[in-house]
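All values below come from the heavy atoms of this structure, side chains included, with hydrogens, waters and symmetry mates left out.
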Amino acid sequence: MFASNTRNLMRSSFLQRCKSTLVVAEHNNEALNPITLNTISAAKKIGGDVTVLVAGTKCGPASEALAKVEGVTKVLVAENAAFKGFTPESLTPLVVAAQAQFKFTHILAGASAFGKNVLPRVAAKLDVSPISEVIDIKSEDTFVRTIYAGNAILTLKSKDPIKVLTVRSTNFQPAATSGGSGAVEQAAAGDYASSLSEFVSQELTKSDRPELAGAKVIISGGRGLKSGDNFKLLYDLADKFGAAVGASRAAVDAGFVPNDLQIGQTGKIVAPDLYIAVGISGAIQHLAGMKDSKTIVAINKDPEAPIFQVADIGIVADLFKAVPELTGKL
């Protein structure tokens, strides 16, 4: 019995030492996307060493910033013209090569468009099942995620030898950007150019407002605004708060605003300190993207609107009167 217990303790200790996680960083070569810091916090919760992979062109500033992040053991840097535009077809073989070299037990990325593009391909190459939208980590093999548009919570245990996860940033605090001393190394060299796709160009929406993913206050509009011109009501209110402006899928589908403002299951997941929903009925798809907000204020003339079921403060009123009045009092 004593020998058996000793073997179990030794095996547990060995597994603890062998745990290691690769975080695939999201950045623009010069600065980190904040979701990377949340993902590093999730990796730290798993335990073991945390390595971050930075792939891009002239991505020295991003790799230097990551080396200072608390909890990062090592930073792997891959600079190659093939990574221009961060196409998943070129990044996937790099991640697989890093896995082959260092034998990571876990591979993580944020549950953004970037992470959702890359990690399912990586999982397919490694012949394991990807686990998406993780909101909590119970242990090295047990994870919590939402299902049915956020209406149910699933706890699952993965038996795959390599766990491939995308994590929801709103459920993990960002790692501290100072206090770390990670070693910077070159990633495995190779020809990562893809014949399947080629990055040509991109057009980015420029705004002085905060990014939706990191905004502390968000003013969001729905189909009740009736037109894109009426979103000026929300912009005026947002200026008073220094807030970001979002929209429901119905407003985006109607052409009121561009789809980069969409909040919901098929849009962006947000959890600001204050979320003001204006003219939004509260469809399940939208609630999945914002119901973790700390304080929710809803303005809608329909007292039976589902949004009031999750709102902390509900205002039953005509938004065309209530919003200008609120703006005028701030």
Side-chain angles (χ1 to χ4, degrees), residues 12-84 86 88 90-110 112 114-115 118-119 122-123 125-126 128 134 137 139-141 161-167 169 172-192:
S12 176
S13 177
F14 176 76
L15 289 173
Q16 183 71 22
R17 289 197 306 271
C18 285
K19 280 189 299 185
S20 59
T21 301
L22 177 67
V23 173
V24 183
E26 187 171 345
H27 60 95
N28 64 359
N29 289 313
E30 296 179 358
L32 297 175
N33 186 314
I35 198 172
T36 299
L37 299 175
N38 303 96
T39 308
I40 290 171
S41 291
K44 288 164 60 179
K45 198 167 183 180
I46 293 171
D49 292 340
V50 176
T51 299
V52 183
L53 176 62
V54 184
T57 57
K58 299 180 180 179
C59 54
S63 59
E64 290 171 8
L66 277 165
K68 299 175 183 177
V69 173
E70 185 180 4
V72 172
T73 307
K74 184 189 304 179
V75 178
L76 297 177
V77 182
E79 293 198 0
N80 193 309
F83 303 135
K84 184 180 181 181
F86 311 106
S90 62
L91 289 172
T92 297
L94 172 65
V95 177
V96 172
Q99 162 61 30
Q101 180 180 3
F102 294 100
K103 310 300 181 186
F104 298 107
T105 57
H106 299 74
I107 301 175
L108 274 63
S112 61
F114 171 83
V118 176
L119 286 206
V122 171
K125 290 290 186 181
L126 297 175
V128 298
V134 170
I137 295 171
S139 69
E140 62 190 82
D141 62 359
I162 305 168
K163 281 70 171 174
V164 178
L165 293 75
T166 60
V167 300
S169 63
F172 298 92
Q173 291 295 318
T177 55
S178 62
S181 57
V184 179
E185 299 179 9
Q186 294 298 311
D191 181 13
Y192 298 110

Subject >> Evaluation steps, side-chain contact (heavy atoms from CB on, under 4.5 Å), between K125 and T92 >> reply: CA-CA 8 Å; K125 290 290 186 181; T92 297; 4.0 Å; yes
Subject >> Under 3.5 Å donor-acceptor, K19 side chain and I46 backbone >> reply: yes
Subject >> Verdict with reasoning, Q173 to N38, per side-chain contact (heavy atoms from CB on, under 4.5 Å) >> reply: CA-CA 6 Å; Q173 291 295 318; N38 303 96; 5.7 Å; no
**OP:** Give every residue pair that meets the side chain to side chain donor-acceptor pair (under 3.5 Å) criterion with at least one member in residues 62-82, sequence neighbours excluded.
**Re:** none
Original post:
Run the side-chain contact (heavy atoms from CB on, under 4.5 Å) check on L37 and L32 step by step: do they pass?
Top reply: CA-CA 8 Å; L37 299 175; L32 297 175; 4.2 Å; yes
Subject >> Which atom of C59 lies closest to which atom of A55, heavy atoms considered >> reply: SG-C, 4.4 Å
Subject >> Between OG1 on residue T51 and CZ on residue F102, distance to nearest 0.5 Å >> reply: 7.0 Å
Original post:
Quick check: does any side chain N or O of S41 sit under 3.5 Å from a backbone N or O of A175, one acting as donor and the other as acceptor?
Top reply: yes
**OP:** Supply the atom-to-atom distance L119 CG to F114 CZ, rounded to the nearest 0.5 angstrom.
**Re:** 8.0 Å
**OP:** Can you see which heavy atom on A109 is nearest to which on G115, and at what distance?
**Re:** CB-CA, 4.0 Å
Subject >> Summary of side chain to side chain donor-acceptor pair (under 3.5 Å) pairs that have at least one residue in residues 95-106, sequence neighbours excluded >> reply: none
Subject >> With H27, the side-chain contact (heavy atoms from CB on, under 4.5 Å) member among L66, V54, N33, T36 >> reply: V54
**OP:** Check side chain to side chain donor-acceptor pair (under 3.5 Å) between N29 and all other residues, then give those that pass, not counting sequence neighbours.
**Re:** T57
**OP:** Quick one: closest heavy-atom pair of A188 and L94, and the distance?
**Re:** O-CD1, 4.2 Å
**OP:** Identify which one of I162, V95, V128 satisfies the side-chain contact (heavy atoms from CB on, under 4.5 Å) criterion when paired with V122.
**Re:** V95
Original post:
What's the verdict on side-chain contact (heavy atoms from CB on, under 4.5 Å) for F172 and I137, showing C-alpha distance, side-chain angles and the deciding distance?
Top reply: CA-CA 10 Å; F172 298 92; I137 295 171; 4.3 Å; yes
